[in-house]
Amino acid sequence: MLKERTKKIMKKMKRLLFICLVVGLLAAAFTMQALANTDDTALQTVIEKFESLDENVYTPATYRLAKMEYDKVKDLIDDPKATPNELNDAINALNKRIVALRVRNGSEPLWKTYEDYFEIGNIYSGAGNLDPSNTRGLLTSTHFNSLTAENHMKPDNLSTGGAGQPGTFRIFEGSNHVSDQLVKQAQENGITVHGHVLVWHGQSPGWLNGGTSGNYTRLQARENMEHYIKTVVKHFDTYYPGVVTSWDVVNEAFIDGVSRIPEGANWKDYLRQGNQSGWYKAYSNSMLEGEDPSDFIYDAFVFARKNTDAKLFYNDFNMYQDGKSKLVAMMAKELNKRYKNEYPEDPRQLIEGVGMQSHNYIMDTPPSSVENGILNLLSAGVDLIISELDLFCWFPWNAEPTGGSTSGYMDLRDRGIEHIIGSTGTEEQRNYWINRGITNGSEIEVIQAEVYAEYFQVYKNYAASIDRVTFWGLNDIQSWRGGHNPLMWNSDFSPKDAFYAVSDPEGYLGVDHNYVKPVPASKVAGIILDYNDIKPAYRDGRNGGNFISDVAKLMGPKTYFNNEPPSIKKGELDLSNRAYRRAVFDFLKSHPGMEDKIITMPPDTFFINSKK
């Protein structure tokens, strides 16, 4: 009985073994057939090509994307069900990813990379942000030569007190407020500080203007404003002289969403009014004839000008919008003209610059819009700061797929297709990336890096008029909009592709660098005059001379203009010196009768090969 049962078992096992052998042979034959219909040389070549790559040579996201395609090829080779077409498609996809690899170029500190263009800034959020013993402090002190307090120099951080109460300041002689710590550390490290902010409708204590529900008179608010501004700017100038080199005097006074403005628009009609701004509301109360609620902007700048030598800026967001940037330009021109009439002895402008916050979206804020906003603002004859730069990866505002900076946060490198779907908004907004064939966060990381690179090409082009580019944060998880992954470093401070794109915009985009050759002062003057629609032969009435000949005479046989050499050395190249061209620009602009005509410095590309 036992023997017969054993025979039956053995017979079944033989049959099972035979079936397995047949299935194995069929699978092998199918795989061999698939490979036979695939270009074996191409398959082997692309595999060897990838395996020979050094991961550390290439930017993280581009290498990661190539590795994904390599893994697909390897999986298909081992898959008996893989078709020749699938293998060929995978080979082509891997080849494309290899071609798309970008070389890392980010070893030099960012401030050093841009030292001939503008300062590179970041935010200061608290103690340790400049301490080289921690990763954030080391990165900050290595890459940035300017700092802006994220919150600690805003009015409600420096002072306290409700409406109708006397204001109490948290800064005084010997104080150790976080803002003191920032400026003290910056002073010790040879870093400049940009003050942010003196007058704002938000984050301000009630004692200043009574708020939007208060009933302060214009005179009360004005006196409090003067007291506040004088106290704050003198504190930092007295105890840390020369460190706070500029201030955002007024912040976000205009309404948002002004894409276009009609002919003859008045900038005063587009300010945040009493329901949004306590300053506007208080200045609306008890007005005398000829006064306007908008006067709080003018007063703020005048009080700042009387109490500090720092450079004074107006700051706002969405300045890429054509209408909004034009309105701000109108405001700056009008108030500067008013100040010149009232204080003719002051050679400086009242509003010397405008900050473009630049909390922008990589999907719908193209470099062309940014450049248009720059040109609109430069038409007011002011300088610029890119004051709060970060580039969001999803819209609308609250559509972060995996939450904010702590709740459900994910790096872009960790996001699969299910983690790139927006949390709110329309179907199109939620599925924006999926609808465009994007399947993971690494692809978005590359797109974001490309936009950063394109932005910095624009910034470099107008570097003669840009003082500083400041990033609003260091790594994504600590960003105020962490769920939008807007910055250059991941949560663990490893660099994203954005860092390498900013380090070398042209290299990341695979385009030629625009090396700008030195241009003689007379030709610089000619280009500026032509760019501002003034004929180069414009005469000044003195012996038939013209502005160009004046510049040439000042140059004489010397190679300097206003102590600036025409060129600077960059490796083996002699490049045109932006400060030299700016000196010529300032000379033309200050020439009697030309103050309102010489408005904008041409972009650097106008000087390539000594001509437009």
Side-chain angles (χ1 to χ4, degrees), residues 116-118 322 325-326 329-330 332-333 336-337 349 352-354 367-384 457-467 512-556 558-568 574-612:
D116 295 327
Y117 296 88
F118 33 66
D322 183 67
S325 54
K326 283 178 177 175
M330 287 181 200
K333 288 178 71 174
N336 280 341
K337 185 175 181 180
Q349 290 183 305
E352 297 171 293
V354 173
S368 57
S369 295
V370 173
E371 184 171 22
N372 182 67
I374 287 174
L375 286 170
N376 285 343
L377 294 169
L378 291 182
S379 71
V382 296
D383 291 330
L384 302 178
Q457 281 191 299
V458 173
Y459 299 154
K460 288 169 71 175
N461 217 5
Y462 293 91
S465 299
I466 295 177
D467 289 359
D512 291 334
H513 289 70
N514 289 325
Y515 292 114
V516 184
K517 296 182 180 180
V519 181
S522 58
K523 291 188 178 181
V524 174
I527 293 170
I528 293 171
L529 290 167
D530 187 58
Y531 191 72
N532 287 267
D533 297 323
I534 300 171
K535 293 181 180 179
Y538 189 100
R539 297 182 182 279
D540 64 7
R542 291 184 299 172
N543 300 320
N546 58 53
F547 291 111
I548 295 177
S549 63
D550 282 350
V551 176
K553 287 174 184 176
L554 281 177
M555 284 289 296
K558 298 178 294 184
T559 58
Y560 284 72
F561 185 78
N562 285 6
N563 297 319
E564 289 290 347
S567 63
I568 51 177
D574 278 319
L575 304 183
S576 183
N577 179 11
R578 289 166 181 79
Y580 165 83
R581 296 205 305 274
R582 182 61 188 243
V584 179
F585 171 75
D586 289 340
F587 168 78
L588 294 171
K589 187 176 178 182
S590 63
H591 202 287
M594 296 301 293
E595 298 90 341
D596 297 328
K597 297 183 176 65
I598 306 295
I599 300 297
T600 306
M601 167 69 79
D604 285 359
T605 47
F606 271 59
F607 298 93
I608 294 174
N609 298 324
S610 303
K611 62 182 180 181
K612 286 199 297 180

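The structure displayed is predicted, hence computed values, not measured ones.
- A distance-only check finds a donor-acceptor pair linking the side chain of K589 to the backbone of G381 [under 3.5 Å].
- Side-chain contact check for I374 versus V370: some heavy-atom pair is nearer than 4.5 Å.
- Checked by atom type and distance alone, the side chain of N461 pairs as donor or acceptor with a backbone atom of T605 at under 3.5 Å.
- Minimum interatomic distance between F607 and V519 (heavy atoms only, all atoms of both residues): O-CG2, 3.7 Å.
- A ring-centre distance under 6.0 Å is not found for Y459 and Y117.
- Here the closest non-hydrogen pair linking V458 and E371 is CG1-CB, 4.0 Å.
- Looking at heavy atoms from C-beta onward, N577 lies in side-chain contact with P565 at the 4.5 angstrom threshold.
- Taking all atoms of both residues into account, the shortest heavy-atom contact from A329 to A380 is O-CB, 3.6 Å.
- No side-chain heavy atom of D116 sits less than 4.5 Å from a side-chain heavy atom of L575.
- Counting only heavy atoms from C-beta outward, the side chains of M601 and I527 never approach each other to under 4.5 Å.
- Between the side chain of D383 and the backbone N or O of V354 there is no donor-acceptor pair closer than 3.5 Å.
- Side-chain atoms of S465 never come within 3.5 Å of backbone atoms of Y462 as a donor-acceptor pair (strictly under, hydrogens ignored).
- Here OG1 of T600 is found 5.5 Å from CG of N532. Values are rounded to the nearest 0.5 Å.
- Put simply, the side chain of F118 does not reach to within 4.5 Å of the side chain of D467, judged on heavy atoms.
- Using a 4.5 Å heavy-atom threshold, the side chains of V584 and N562 count as separate.
- Two residues are said to be in side-chain contact when any heavy atoms from C-beta on lie closer than 4.5 Å; H591 and F587 meet this criterion.
- Side-chain atoms of P367 and Q457, non-hydrogen and from C-beta on, never get closer than 4.5 Å to each other.
- Between R578 and D604 there is a salt bridge, since a side-chain N of the basic residue sits under 4.0 Å from a carboxylate O of the acidic one.
- Pairing each heavy atom of P518 with each of P566, the nearest pair is CB-O, 4.0 Å.
- Looking at every heavy atom in both residues, R582 comes nearest to A464 through NH1-O, 2.8 Å.
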